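Quick notes on the structure that follows.
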Amino acid sequence: MDAVWILPVLLVLPLLLWTSSTFVFYFKKCFYVAYMMLLAVIAIPICILKSGGRDIENMRVIRFMVRHVKYFLGLRFQVSGWEHLQTDGPYVIISNHQSSLDVLGMMEVLPDRCSTIAKKELLWAGTVGMICWLGGIVFINRKKTSDAKNVMSDAAKTMLADKIRLWVFPEGTRNQNGGLLPFKKGAFHLAIQAQGLTADDVTLLSEQSFGIMRSAFLEISGQSVQSNGPSTH
Ligand SMILES: CCCCCCCC/C=C\CCCCCCCC(=O)SCCNC(=O)CCNC(=O)[C@H](O)C(C)(C)COP(=O)(O)OP(=O)(O)OC[C@H]1O[C@@H](n2cnc3c(N)ncnc32)[C@H](O)[C@@H]1OP(=O)(O)O
Ligand SMILES: CCCCCCCCCCCCCC(=O)OC[C@@H](O)COP(=O)(O)O
């Protein structure tokens, strides 16, 4: 008898999906979170069996498992310059950060032996937090800058010792307001520490990177008429 209630739901759901782009937006958002949580449930035992615990090699498993998610959300990526990442040794990748969907773009191009820096709060995001830990993600406390700097200095040493690459979001937070937030310096300290440059090089490196990313961002934004939020009609 209870099953009768399912009928209106089955009818109303397609109707809402068909008529309301706002509903579609929030539906996709909930689906994304739930599905990533589920994928992580599957990935956790695989990573533990494969590597025995926290290991950068687990990023291969995560990358493989995340790559198809874009199809469910109607997203596609256009990749250019991928060949520049195919060099030996450690390096730092920086990217802008607009939403949690950036993880999909990241997994599209993530090189081997590459992990990322994330806020420590992500560690508590259920199974997603657990898989982030297993993938060797470096967690920082953004409220305690001196701790964060120490963690990142240790990360620079590990990068050199274990030939690891790190992906950093130098804006330090998500930003959907168009353009870029001023860059935090940590990514550039990482880069100089892993390359034998000096602290004097940080400002120039940061400014040059900001300029390049900003012009690429504006160029790409100019090509797209889509926004990140639900459309208003
Ligand atoms: C199969 C399963 C599927 C499901 C699951 C999927 C899972 C997916 C898996 C994986 C994807 C995960 C994706 C996660 C994404 C998360 C992203 C985020 O969380 S973004 C937030 C955190 N990221 C950052 O915050 C950036 C890094 N931050 C920094 O670099 C900052 O610089 C920081 C925190 C170190 C300090 O920040 P300050 O706010 O104090 O600002 P400042 O201006 O940068 O620094 C102040 C002074 O300290 C110096 N400084 C900074 N770092 C230094 C260092 N390392 N050494 C020495 N000095 C340093 C600077 O030069 C500056 O000094 P002077 O003002 O220039 O004199
Ligand atoms: C109950 C927790 C739900 C977690 C659901 C996760 C599903 C998607 C997995 C992708 C993880 C990406 C996380 C992310 O993008 O974190 C935001 C931070 O970068 C910046 O933080 P903020 O803008 O400063 O809050």
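Numbering of ligands and ligand atoms starts at 1, following listing order. What you are looking at is a predicted structure, and each value in this text was computed from that prediction instead of being measured.
Neither the backbone nor the side chain of F169 has any atom closer than 4.0 Å to an atom of ligand 2 (non-hydrogen atoms only). With a 4.0 Å cut-off on non-hydrogen atoms, V103 touches ligand 2 through its side chain and not its backbone. When non-hydrogen atoms are compared, ligand 2 lies under 4.0 Å from neither the backbone nor the side chain of D102. Only side-chain heavy atoms of R142 come within less than 4.0 Å of ligand 2; its backbone N, CA, C and O stay farther off.
When Y35, F27, Y32 are each tested for a ring-ring contact (aromatic ring centres under 6.0 Å, His included) with F72, only one passes: Y35.
Of all protein heavy atoms, the one lying nearest to atom 8 (C) of ligand 2 is Y32 CE2, 3.7 Å. Counting only heavy atoms of the protein, atom 24 (O) of ligand 2 lies nearest to T173 OG1, 2.5 Å. For atom 5 (C) of ligand 2, the closest heavy atom belonging to the protein is V33 CG1, 3.5 Å. Among all non-hydrogen protein atoms, the one lying nearest atom 16 (O) of ligand 2 is K119 CE, 4.2 Å. Of all protein heavy atoms, the one lying nearest to atom 18 (C) of ligand 2 is H97 NE2, 3.6 Å.
By the 4.0 Å heavy-atom criterion, W124 is excluded from the residues contacting ligand 2. Ligand 2 lies within reach of M37, whose nearest heavy atom is under 4.0 Å from it.
A donor-acceptor distance shorter than 3.5 angstrom exists from the side chain of S215 to the backbone of G211, with no hydrogens or angles considered.
Residue V41 belongs to no hydrophobic cluster, having no ILVMFWY side-chain heavy atom closer than 4.5 Å to its own.
Every atom of ligand 2 with a heavy atom of L122 under 4.0 Å away is listed here by number and element: 13 (C).
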Just list the N/O pairs, ligand 1 to protein, that are under 3.5 Å apart, with the distance for each.
{"unit_1": "ligand 1", "atom_1": "19 (O)", "unit_2": "K119", "atom_2": "N", "d": "2.9"}
{"unit_1": "ligand 1", "atom_1": "30 (O)", "unit_2": "G186", "atom_2": "N", "d": "3.0"}
{"unit_1": "ligand 1", "atom_1": "32 (O)", "unit_2": "K185", "atom_2": "N", "d": "3.3"}
{"unit_1": "ligand 1", "atom_1": "32 (O)", "unit_2": "G186", "atom_2": "N", "d": "2.8"}
{"unit_1": "ligand 1", "atom_1": "39 (O)", "unit_2": "K184", "atom_2": "NZ", "d": "2.8"}
{"unit_1": "ligand 1", "atom_1": "40 (O)", "unit_2": "T145", "atom_2": "OG1", "d": "3.2"}
{"unit_1": "ligand 1", "atom_1": "44 (O)", "unit_2": "K185", "atom_2": "N", "d": "2.6"}
{"unit_1": "ligand 1", "atom_1": "48 (O)", "unit_2": "K149", "atom_2": "NZ", "d": "2.8"}
{"unit_1": "ligand 1", "atom_1": "50 (N)", "unit_2": "H189", "atom_2": "NE2", "d": "3.4"}
{"unit_1": "ligand 1", "atom_1": "58 (N)", "unit_2": "H189", "atom_2": "NE2", "d": "3.4"}
{"unit_1": "ligand 1", "atom_1": "61 (O)", "unit_2": "H189", "atom_2": "NE2", "d": "2.8"}
{"unit_1": "ligand 1", "atom_1": "66 (O)", "unit_2": "K185", "atom_2": "NZ", "d": "3.4"}

